[in-house]
Amino acid sequence: MTDARSDIRSDGRSDGRADGAARARLEQLWARGRDFLGTRTAIMGGAMSWVSERHLVSAISNAGGFGVVACGSMPPEMLAEEIAGTKALTAKPFGVNLINMHPQLDQLIDVCREQGVSHVVIAGGFPSGATIKRIKDGGAKVMAFAPTLVSGRRMVKLGADALVIEGTEAGGHIGPVSTTVLAQEILPDLRDVPVFVAGGIGRGEAIVAYLELGAAGVQIGTRFVCATESIAHPRFKQTFIRASARDAQASVQIDPRFPVIPVRALANAGSKRFMELQREVIGRVDRGETSRDEGLLEIEHFWAGALRRAVIDGDIETGSLMAGQSVGLVTREQPVAEIIEDLVAQAESSLARRFGGPAAIGQPVDPGPVELGPAVLGAA
């Protein structure tokens with residue numbers, strides 16, 4: 001009797017007849033996402049401020065994924081330069097992430113229109129119908145975040161062309177619900193538009209699981225931070241490589257009178273000091289030494305510039321080390337193309353076990369015909 005695992009090589013790739021069936025099944029599963037993005041895979045790069053700039057974004061797109069420029073707090077002129085710089089490095093599709101609360105949002109949308117950006121991802125709150133219309137009138141597809149099924153349906157009704165659902169395992173600003181629960185709540189019931197899943201995804205097997213639940217594709221951020229093409233400081237990258245999943249912790253709110261927007265980051269001296277600051281500010285307010293509004297402002301400003309200090313300057317002690325819980329799966333610096341290749345190989349290997357396992361123990365199985373749509377036959 002042959003071991004059912006004999007079709008799987010040590011590098012995670014499968015051999016034999018199961019290979020073709022697994023590859024075809026994967027292409028079938030993410031065909032909708034590939035068609036929407038115009039890419040070879042349905043893997044989006046998460047928009048990470050200071051990290052998701054032209055070099056990483058173009059590398060993701062060139063490797064068959066979909067890079068997304070993180071606009072963050074950029075003024076319109078800077079965004080225009082970043083888009084132009086990205087276009088100089090890739091002829092493949094990529095998108096731009098805009099923050100809904102940006103004071104110059106309309107001007108940023110105009111920049112995307114002038115630069116011919118194909119996809120705009122709106123984050124940082126729910127975009128209005130007018131905002132969505134302005135983007136679409138400029139010729140771009142709109143992607144919006146949906147933390148609940150109700151909000152997802154609302155975004156679709158307002159005209160969003162696709163949705164991203166992101167769980168609390170993600171890095172940066174997070175919601176309260178896990179990716180797995182969000183996926184179970186939203187994917188089976190929201191089929192009107194492509195839905196991409198994000199938060200805690202670091203292996204191809206997880207990608208397959210969400211695709212089979214109904215996702216059109218996935219968004220991955222943390223795995224790309226330590227890409228060779230990432231401009232993140234070497235100390236920032238090494239912190240990620242050394243970290244485990246439990247090191248990526250959500251910021252804690254001490255007093256409901258002083259709300260703190262949860263942010264997931266690697267614990268360091270800065271995060272400890274943030275806790276101390278909250279206690280100090282609350283004490284001063286309670287003693288009447290300062291007003292609540294002044295205290296709130298002091299707390300909010302604590303992290304100002306901290307992400308840039310960490311990513312660009314390498315300040316890993318007091319800077320903000322935003323990271324998702326999948327950071328434990330980041331074990332070395334790799335080229336983007338290799339990361340995507342690994343993810344696809346893991347996904348195909350997961351599917352190949354289903355086709356190759358029974359045959360390996362003397363029970364031939366015909367996986368049946370697999371319909372290959374345009375997205376499979378014509379790679380971007």
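Bear in mind the structure is a predicted one, so any value in this text is a computation, not a measurement.
- Counting only N and O atoms by type, the side chains of Q28 and R25 include a donor and acceptor under 3.5 Å apart.
- When only modelled atom types and interatomic distance are considered, W50 and E53 share no side-chain donor-acceptor pair under 3.5 Å.
- Closest non-hydrogen pair, A243 versus L266, comes out as CB-CD2, 3.8 Å.
- Between S52 and V68, the closest heavy-atom pair is CB-O, 3.4 Å.
- If you chain together hydrophobic residues whose side chains sit under 4.5 Å apart, I174 and I201 never meet in one group.
- There is a side-chain donor-acceptor pair under 3.5 Å between S151 and T148.
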Problem - Working for side chain to side chain contact (heavy atoms under 4.5 Å, CB included), residues V51 and I231 - result: CA-CA 7 Å; V51 178; I231 65 165; over 6 Å; no
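- A single hydrophobic cluster is seen to contain both L163 and V181, as judged by linkage of ILVMFWY side chains at heavy-atom distances under 4.5 Å, directly or through other members.
- K136 places a side-chain N or O within donor-acceptor distance of the main-chain N or O of G159, the cut-off being under 3.5 Å.
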Exercise for the section: Report the C-alpha separation of I122 and F145 in whole Å, then their side-chain angles, then the decisive distance to 0.1 Å, and conclude whether the side chain to side chain contact (heavy atoms under 4.5 Å, CB included) test is met. Expected result: CA-CA 7 Å; I122 291 286; F145 283 80; over 6 Å; no
Practice task
Would you check, one step at a time, whether the test side chain to side chain contact (heavy atoms under 4.5 Å, CB included) holds for I43 with I207?
Solution key: CA-CA 9 Å; I43 299 174; I207 294 175; 4.3 Å; yes
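- Residues V336 and A227 approach most closely at CG2-CB, 3.5 Å, considering heavy atoms.
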Exercise for the section: Under the side-chain hydrogen bond (donor to acceptor under 3.5 Å, both in side chains) rule, what do S58 and S61 come out as? Steps first, then yes or no, please. Expected result: CA-CA 5 Å; S58 61; S61 291; over 6 Å; no
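- Both V197 and L351 belong to a single network of hydrophobic side chains, linked directly or stepwise wherever heavy atoms of I, L, V, M, F, W or Y lie under 4.5 Å apart.
- Ion pairing between a basic and an acidic side chain is recognised when a charged N comes within 4.0 Å of a carboxylate O; R54 and E81 show no such pairing.
- In this structure, H119 has its ring center under 6.0 Å from that of F36.
- Side chains of D247 and Q325: a donor-acceptor N/O pair is absent below 3.5 angstrom, by distance only.
- Across all their heavy atoms, D161 and A140 have their closest contact at OD2-O, 4.4 Å.
- Judged by a 6.0 Å distance limit and a 45° cone about the ring axis, R273 is not positioned over the six-membered ring of F302.
- No hydrogens or angles considered: nothing links the side chains of T39 and T41 as a donor-acceptor pair under 3.5 Å.
- Using modelled atom types, no side-chain atom of T290 and backbone atom of G295 make a donor-acceptor pair closer than 3.5 Å.
- Of the possible polar contacts, one joining the N268 side chain to the S271 backbone as a donor-acceptor pair under 3.5 Å is found.
- Each of I339 and L329 belongs to its own hydrophobic cluster when Ile, Leu, Val, Met, Phe, Trp and Tyr are linked at side-chain heavy-atom distances under 4.5 angstrom.
- Linking Ile, Leu, Val, Met, Phe, Trp and Tyr residues whenever their side-chain heavy atoms come within less than 4.5 Å places V218 and W30 in a single cluster.
- Summarising the geometry of P75 relative to L108, their closest heavy-atom pair is C-CD2, 4.0 Å, with the distance given to 0.1 Å.
- Remark: the backbone N or O of V69 is not paired with any side-chain donor or acceptor of N97 at under 3.5 angstrom.
- Remark: side-chain polar atoms of R32 are not paired, donor with acceptor, to backbone N or O of A216 under 3.5 angstrom.
- Between the side chain of K92 and the backbone N or O of G67, no donor-acceptor pair lies under 3.5 Å.
- A salt bridge links R134 with D110; the closest basic N to acidic carboxylate O contact falls under 4.0 Å.
- Within the 3.5 Å criterion, the main-chain N or O of T168 finds a donor-acceptor partner in the side chain of R264.
- Taking both residues in full, the closest heavy atoms of K237 and C226 are given as O-SG, 3.4 Å, listed atom of the first, atom of the second, then distance.
- A distance-only check finds a donor-acceptor pair linking the side chain of Q346 to the backbone of G204 [under 3.5 Å].
- No more than 12 heavy atoms of other residues, nucleotides or ligands sit less than 6.0 Å from atom CZ of R246.
- The backbone N or O of D315 sits nowhere less than 3.5 Å from a side-chain atom of D313 that would complete a donor-acceptor pair.
- At distances below 3.5 Å, at least one donor-acceptor pair connects side-chain atoms of N62 with backbone N or O atoms of L89.
- Using a 3.5 Å distance cut-off with no hydrogens or angles, the side chains of T179 and E169 do pair a donor with an acceptor.
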